[in-house]
Amino acid sequence: MRDVICLGGGLNYAAAVVLAKAGLKVTLIEKDLNFLGGNCLHAGCIPSKNMLHRAKTVLESSEDVFTGKAKVNVEKLLNKTFDRIKKNTNGVLMQLKAASVEVLEAKGYVTDEGIEVNGEILKAKYIIIGTGSHPRVPDGIEVDNKKIITSKDVFSLTQLPKHIAIYGSGPIGLEFAGYFAALGVKVDLIYRHENISKKIAPEIVEKLQEQLKLIGINLVPNTSITKAVANKKVEIQTNNGKREADMLLVATGRIPNTWMVKTPNLKISKGIDTNEYFQTTLPNVFAIGDVNAKLMLAHAARAEALNVANQILGKKEKLSLDNIPKFIYTIPLSYAAAGKMEGKKTVFPLNRLGISGAVLNSENGLVILYTDEENFINGAEILAPNAEEIIGIISAALAGEMDKDTLLKAVFPHPTFSESIDRVLRRVK
């Protein structure tokens with residue numbers, strides 16, 4: 001009998017390490033140890049941010065203040081990126097071994113009795129499921145992983161197409177649209193609605209769409225792909241007629257990996273159902289990360305894993321998913337948000353900062369702050385250079401339950417884009 005079994009070796013490994021260091025007998029089961037660390041490390045946010053950072057450099061070098069435009073050797077970039085990822089994977093394994101976590105490379109299945117591995121039932125007092133997700137592919141689209149691809153296939157593209165269509169305007173679609181456009185690929189961004197997002201503030205959506213056009217992306221709104229097949233070209237049938245491209249990237253979201261569930265007593269709807277403490281419908285069985293479909297972000301998965309580990313160690317505390325920062329690494333300006341987008345809305349344009357213009361397109365950035373009637377901070381949305389870094393200020397303010405006057409006691413460095421937080425706070429009435 002083990003104390004804890006962690007099924008899935010993505011950000012679940014953080015819980016395994018913490019629990020084992022606390023003296024518990026912990027087993028981590030991962031079907032492919034080469035994928036230890038999960039999708040974010042191997043086929044998601046880590047390689048994509050390495051690629052996007054270089055693409056952003058290329059884009060910024062196109063300004064007229066430069067005498068030549070940078071070029072990227074994509075094959076060298078990918079090799080360098082995955083050499084680093086291999087080191088990180090080994091680092092995760094070393095952490096697990098140093099904490100005395102038992103690591104099994106196998107497929108594990110959830111049953112009423114425990115975890116089934118190779119026909120044997122492994123029992124534990126607690127089970128943490130963290131099996132991640134996979135790309136969603138709409139009916140009618142025939143993915144061949146060569147011309148019709150999903151996000152994971154981008155990381156093996158050493159030769160870029162001349163023309164790519166991208167279906168979907170979520171984070172994956174927007175980020176890769178920027179990557180390809182910055183490197184000189186003709187990009188058609190196809191999405192089903194009038195605007196790229198219903199969740200982002202309209203003021204920022206407008207600015208984001210302007211930025212996409214600025215870097216050469218062709219926006220194709222109100223369009224659904226009903227069929228796509230790869231021939232000499234990718235032939236795309238939509239509700240608005242036929243289109244062609246050299247390649248089609250399907251970026252229409254992700255689906256939780258629930259294939260390992262072998263019991264009707266573990267309830268599944270969009271993902272594995274859990275309560276606010278990530279407890280499933282089976283006693284002492286938790287589900288964290290993408291598989292519970294609450295918030296499909298790597299740092300959310302890690303926070304959930306650590307929250308569950310603390311519960312097992314007797315420190316039960318609710319984790320507010322609303323306060324977890326979300327961001328999209330669009331280029332040259334990125335988008336980030338944290339908290340609830342409700343209450344009084346105060347807007348500060350970045351063109352009022354002294355540093356405005358120091359970064360490509362930065363004069364078109366915005367900060368939107370949301371406060372309640374007593375001026376406590378509810379949340380914020382940011383479109384700025386490195387917005388994913390700046391949003392940490394708001395995340396800390398939310399964790400500290402700060403009002404605007406408390407946060408204004410902080411002195412923000414000058415000249416920086418983080419000063420926009422100070423400025424928007426001073427506009428709150």
Side-chain angles (χ1 to χ4, degrees), residues 1-33 35-42 44-46 88-110 114-115 117 122-133 256-258 260-261 266 271-321 324:
M1 169 73 78
R2 287 132 172 109
D3 292 310
V4 184
I5 293 176
C6 295
L7 182 59
L11 275 301
N12 214 2
Y13 84 85
V17 169
V18 168
L19 291 166
K21 283 185 174 180
L24 276 63
K25 185 178 180 182
V26 181
T27 296
L28 182 140
I29 302 170
E30 165 57 45
K31 62 185 177 67
D32 181 3
L33 290 185
F35 209 70
L36 199 61
N39 188 76
C40 176
L41 177 58
H42 295 274
C45 44
I46 297 300
N88 289 348
T89 306
N90 290 335
V92 172
L93 186 58
M94 288 173 64
Q95 285 185 63
L96 290 164
K97 288 183 175 179
S100 298
V101 175
E102 179 188 27
V103 178
L104 301 180
E105 185 172 32
K107 283 188 175 182
Y109 298 90
V110 182
I115 302 296
V117 177
L122 305 184
K123 294 181 178 290
K125 296 174 186 175
Y126 300 96
I127 292 169
I128 309 173
I129 305 169
T131 47
S133 63
N257 290 330
T258 59
M260 81 301 300
V261 176
L266 189 64
I272 293 177
D273 287 358
T274 71
N275 64 14
E276 58 188 0
Y277 293 100
F278 314 111
Q279 297 166 338
T280 72
T281 50
L282 285 178
N284 295 331
V285 176
F286 300 83
I288 60 96
D290 286 11
V291 76
N292 67 30
K294 289 180 182 291
L295 186 58
M296 291 187 172
L297 296 170
H299 52 284
R302 183 176 185 274
E304 292 172 18
L306 294 175
N307 178 271
V308 169
N310 283 336
Q311 290 183 56
I312 291 171
L313 295 173
K315 295 174 281 187
K316 187 172 183 178
E317 188 175 6
K318 185 178 176 183
L319 173 67
S320 174
L321 296 182
I324 291 178

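Residue numbers count from 1 along this sequence. Everything quoted here is computed from the prediction, not taken from an experiment.
- From Tyr126, atom OH reaches atom CD of Gln279 across 9.5 Å, with rounding to the nearest 0.5 Å.
- In this structure, Leu96 and Val92 have side chains that are in contact, with non-hydrogen atoms separated by less than 4.5 Å.
- The one candidate from Ile29, Leu7, Ile5 that meets the side chain to side chain contact (heavy atoms under 4.5 Å, CB included) condition with Val117 is Ile29.
- When all heavy atoms are compared, the tightest approach of Ser133 to Asp290 is OG-OD2, 2.7 Å.
- With rounding to the nearest 0.5 angstrom, the CD atom of Glu304 is 10.0 Å from the CG atom of Leu11.
- Put simply, the side chain of Ile127 does not reach to within 4.5 Å of the side chain of Asn284, judged on heavy atoms.
- A distance of 4.5 Å separates CD1 of Ile324 from CG of Leu319, quoted to the nearest 0.5 Å.
- In this structure, CG on Leu36 lies 12.0 Å from NZ on Lys31, to the nearest 0.5 angstrom.
- Of the possible polar contacts, none joining the Thr280 side chain to the Ala287 backbone as a donor-acceptor pair under 3.5 Å is found.
- A 4.5 Å side-chain heavy-atom check between Ile115 and Thr27 finds every atom pair outside the cut-off.
- Between Arg302 and Ala14 the shortest heavy-atom distance is CG-CB, 4.3 Å.
- Counting only heavy atoms from C-beta outward, the side chains of Glu317 and Asn310 never approach each other to under 4.5 Å.
- Smallest separation of non-hydrogen atoms from Phe278 and Ile288: CB-CG2, 4.4 Å.
- Panel note: side chain Asn12, backbone Cys6; no donor-acceptor pair is recorded below 3.5 Å.
- Here Asp3 pairs with Lys125 in a salt bridge; the nearest charged N to carboxylate O distance falls below 4.0 Å.
- Remark: Met296 CE to Asn39 CG distance equals 10.5 Å, nearest 0.5 Å.
- Once rounded to the nearest 0.5 Å, the distance linking CD1 of Ile272 with CG of Leu266 reads 5.0 Å.
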Note to self: Working note: Gln311 + Asn307, criterion side-chain contact (heavy atoms from CB on, under 4.5 Å); need CA distance, chi angles, decisive distance, verdict.
What the structure shows: CA-CA 6 Å; Gln311 290 183 56; Asn307 178 271; 2.8 Å; yes
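- Taking 4.5 Å as the limit, some side-chain heavy atom of His42 sits within range of a side-chain heavy atom of Thr89.
- The backbone N or O of Leu33 lies less than 3.5 Å from a partner atom in the side chain of Glu105, making a donor-acceptor pair.
- Proximity of Ile312 to Ile128: side-chain heavy atoms (C-beta onward) are separated by under 4.5 Å at one or more points.
- With salt bridges taken as basic N to acidic carboxylate O contacts below 4.0 Å, one links Glu102 and Arg2.
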